[in-house]
S.K.: 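I'd like to ask you about the structure that follows.
Worth knowing before you read on, the calculation uses all heavy atoms, side chains too, and leaves out hydrogens, waters and symmetry mates.
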Amino acid sequence: MPERAVVLLSGGLDSSTVLGLATRAGLACTALSFRYGQRHTIELERASQIAAHFGATHCVVDINIGAFGGSALTDDTMAVPTGGTSAEIIPPTYVPGRNTVFIAIGLSLAEAIGASTLHLGINAVDYSGYPDCRPEYLAAYQRLADLATKAGIEGRGAQLVAPLQHLTKADIVREALAVGVPVNVTWSCYQGGQEPCGECDSCRIRDEAAIAAGHPELATPTGRARLTLTSLS
């Protein structure tokens, strides 16, 4: 039987690529998504489609950490940023404790079903200033996981796998296409409209990556127009 794996799947480009990589590696994947009080649930609809595309079991857990507020992704009174990102500034789209909570639940699921790995879309190159996407964070969490679980104490705890950790966003676009991710199905936009807005910071990062990877057709119309004007100026 194939080895089992849990993949945290948001419905975005990065996590969908990770699911594609795990599937290509022959793992029997359970995709884990969260309804955490985010602004919109379109990303969960897309996650379901992506999981089905790769033949993965899909599990959605309700855990409303968004009720605490403190993030533009969960609080409608906070504006979604559109001015670009900086690695030196933690942006208002940071959700307090989100990855820490998600990984904990992922480890719980992995131990319960006997999965040997937990796969994450964490990226330290284009990580938008989020502290819980850094390599040192992931290494510390692995140490905690090895200490905190029965499986870890017995030497068979789930290993945290972050295959995109050191890739640029353009490299992730190329990797997504290589493993058969239906990129146009994935949803990275912070807004919840019928189409990606092309203005929020997440759309901007993704659009720039698509064009840098040589695939402008994957960028939003707004992003293509903006980046064309920038190149001409």
S.K.: Run the numbers on Leu13 and Val173 for side-chain contact (heavy atoms from CB on, under 4.5 Å), then give the verdict.
M.R.: CA-CA 8 Å; Leu13 176 66; Val173 171; 3.8 Å; yes
S.K.: Ignoring hydrogens, what is the shortest heavy-atom contact between Gly198 and Cys203? Give both atom names and the distance.
M.R.: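 Closest approach of Gly198 to Cys203, heavy atoms only: N-SG, 3.3 Å.
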S.K.: Can you list the steps and then say if Ile103 with Leu120 is a side-chain contact (heavy atoms from CB on, under 4.5 Å)?
M.R.: CA-CA 8 Å; Ile103 294 173; Leu120 316 168; 3.9 Å; yes
S.K.: Find out if a path of hydrophobic residues (ILVMFWY) with successive side-chain heavy-atom gaps under 4.5 Å connects Ile63 to Leu8.
M.R.: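 Looking at the clustering, Leu8 is in the same group as Ile63.
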S.K.: Between Ser48 (side chain) and Glu45 (backbone), is there a donor-acceptor pair under 3.5 Å?
M.R.: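 No.
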S.K.: Taking all heavy atoms of Ala219 and all of Ala210, pick out the closest pair and write down the distance.
M.R.: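 Looking at all heavy atoms of both residues, the shortest contact is N-CB, 4.1 Å.
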S.K.: Do Leu177 and Val185 belong to the same hydrophobic cluster, where Ile, Leu, Val, Met, Phe, Trp and Tyr are linked whenever their side-chain heavy atoms lie under 4.5 Å apart, directly or via other members?
M.R.: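 Yes; Val185 is reachable from Leu177 via cluster members.
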S.K.: CG of Leu147 to CD of Gln142: how many Å apart, nearest 0.5 Å?
M.R.: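 Between Leu147 CG and Gln142 CD, I get 10.0 Å after rounding to 0.5 Å.
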S.K.: Report the residue from Ser188, Ser10, Ser33 that forms a side chain to side chain donor-acceptor pair (under 3.5 Å) with Ser15.
M.R.: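 Of all the options given, the one that passes is Ser10.
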S.K.: Is there a donor-acceptor pair closer than 3.5 Å between any side-chain N or O of Arg46 and the backbone N or O of Gly11?
M.R.: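 Between the backbone of Gly11 and the side chain of Arg46 there is no qualifying donor-acceptor contact (under 3.5 Å).
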S.K.: For residues Ile105 and Phe34, determine if any side-chain heavy atom of one lies less than 4.5 Å from a side-chain heavy atom of the other.
M.R.: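 Sidechains of Phe34 and Ile105: in contact.
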S.K.: State the CG-OG1 distance between Leu9 and Thr17, to the nearest 0.5 angstrom.
M.R.: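 So the CG of Leu9 and the OG1 of Thr17 are separated by 10.0 Å.
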S.K.: Can you name the closest pair of heavy atoms from Pro163 and Val18 and give their distance?
M.R.: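 Looks like CG-CG2, 4.0 Å.
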S.K.: Does Gly223 offer a backbone N or O that forms a donor-acceptor pair with the side chain of Thr220 under 3.5 Å?
M.R.: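 A pair under 3.5 Å: yes.
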S.K.: Let's go through Leu164 and Leu21 carefully: what are the C-alpha distance in whole Å and the side-chain angles of both, what is the deciding distance for side-chain contact (heavy atoms from CB on, under 4.5 Å) to 0.1 Å, and is it a yes or a no?
M.R.: CA-CA 10 Å; Leu164 311 183; Leu21 287 166; 4.0 Å; yes
S.K.: Would you confirm whether Asp146, through its side chain, and Gly157, through its main-chain N or O, come within 3.5 Å as a donor-acceptor pair?
M.R.: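 Not a single qualifying donor-acceptor pair exists.
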S.K.: Using a cut-off of 6.0 Å, state whether more than 12 heavy atoms not belonging to Glu136 lie near its atom CD.
M.R.: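 Yes.
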S.K.: If I take atom CG from residue Leu27 and atom CZ from residue Phe54, how far apart are they, to the nearest 0.5 angstrom?
M.R.: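 Output value for this atom pair is 13.0 Å.
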S.K.: Same cluster or not: are Leu218 and Val179 linked, directly or through other Ile, Leu, Val, Met, Phe, Trp or Tyr residues, by side-chain heavy atoms under 4.5 angstrom apart?
M.R.: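 Yes; tracing contacts between hydrophobic side chains, which count when under 4.5 Å, links both residues.
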S.K.: Listed by chain and number, what are the side chain to side chain donor-acceptor pair (under 3.5 Å) partners of His215, not counting sequence neighbours?
M.R.: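 Only Glu217 meet the side chain to side chain donor-acceptor pair (under 3.5 Å) criterion with His215.
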S.K.: Could you work out, with side-chain contact (heavy atoms from CB on, under 4.5 Å) as the rule, every residue matching Ser71, not counting sequence neighbours?
M.R.: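 For Ser71 the side-chain contact (heavy atoms from CB on, under 4.5 Å) partners, ignoring immediate neighbours, are Leu73, Thr74, Val95, Pro96.
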S.K.: Relative to each other, are the rings of His40 and Trp187 parallel, tilted or perpendicular (30° and 60° limits)?
M.R.: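 Aromatic pair His40/Trp187 classed perpendicular.
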S.K.: Please tell me whether Ile153 and Leu144 are part of a single hydrophobic cluster in this structure, the criterion being side-chain heavy atoms less than 4.5 Å apart.
M.R.: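 Different clusters: Ile153 never reaches Leu144 through Ile, Leu, Val, Met, Phe, Trp or Tyr contacts under 4.5 Å.
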S.K.: Heavy atoms only: give me the nearest Ala51-His58 pair and the separation to one decimal.
M.R.: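 Smallest interatomic distance, heavy atoms only, reads CB-CB, 3.8 Å.
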S.K.: So, Glu111 side chain and Lys150 main chain: donor-acceptor pair closer than 3.5 Å or not?
M.R.: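 Present.
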S.K.: For Arg134 and Pro131, indicate whether the former's side chain and the latter's backbone hold a donor-acceptor pair under 3.5 Å.
M.R.: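 Answer holds: yes.
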S.K.: Compare every heavy atom of Val7 with every heavy atom of Ala22, then report the nearest pair and how far apart it is.
M.R.: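 Of all heavy-atom pairs spanning Ala22 and Val7, the closest is CB-CG2, 4.2 Å.
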S.K.: Can you tell me how far the CZ atom of Arg143 sits from the CG atom of Leu138, to the nearest 0.5 Å?
M.R.: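 The CZ atom of Arg143 sits 10.5 Å away from the CG atom of Leu138.
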S.K.: If you compare all heavy atoms of Cys29 against all heavy atoms of Leu19, which two are closest, and at what distance to 0.1 Å?
M.R.: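 Closest approach of Cys29 to Leu19, heavy atoms only: CB-CD1, 3.8 Å.
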S.K.: Rounded to the nearest 0.5 Å, how far apart are NE2 of His166 and CD1 of Ile122?
M.R.: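 With rounding to 0.5 Å, NE2 (His166) is 11.0 Å from CD1 (Ile122).
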S.K.: Run the side chain to side chain donor-acceptor pair (under 3.5 Å) test against Asp171 and tell me which residues pass, sequence neighbours left out.
M.R.: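 With sequence neighbours excluded, Asp171 shows a side chain to side chain donor-acceptor pair (under 3.5 Å) to Thr168, Arg174, given in chain and number order.
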S.K.: Take Tyr137 and Thr100 through the side-chain hydrogen bond (donor to acceptor under 3.5 Å, both in side chains) test and state the conclusion after the steps.
M.R.: CA-CA 9 Å; Tyr137 164 84; Thr100 301; 3.0 Å; yes
S.K.: For a quick check under 3.5 Å, do Tyr130 and Thr93 share a side-chain donor-acceptor pair by atom type?
M.R.: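 The criterion, which ignores hydrogens and geometry beyond distance, is satisfied for Thr93 and Tyr130.
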S.K.: So Arg4 and Thr57, do their side chains get closer than 4.5 Å, heavy atoms only?
M.R.: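 Contact flag for Thr57/Arg4 side chains = no.
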S.K.: Roughly how far, to the nearest 0.5 Å, is OH of Tyr190 from CD of Gln38?
M.R.: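 Atom-to-atom, Gln38:CD and Tyr190:OH are 13.0 Å apart.
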S.K.: Applying side-chain contact (heavy atoms from CB on, under 4.5 Å), run through His53 and Thr23 and close with a yes or a no.
M.R.: CA-CA 11 Å; His53 173 79; Thr23 302; over 6 Å; no
S.K.: Would you say that Tyr141 contacts Leu107 through its side chain, given a criterion of any heavy-atom pair below 4.5 Å between the two side chains?
M.R.: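 Yes, side chains in contact.
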S.K.: Quick one: do Arg39 and Asp76 make a salt bridge, cutoff under 4.0 Å?
M.R.: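 Counted as a salt bridge, because a side-chain N and a carboxylate O are separated by less than 4.0 Å.
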S.K.: Report whether Ile42 and Val80 are members of the same hydrophobic cluster (ILVMFWY, side-chain heavy atoms less than 4.5 Å apart, transitive linking).
M.R.: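 Hydrophobic grouping puts Ile42 apart from Val80.
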S.K.: Between Thr30, Val61, Leu118, which is the residue that forms a side-chain contact (heavy atoms from CB on, under 4.5 Å) with Leu109?
M.R.: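 One option only clears the test, and that one is Thr30.
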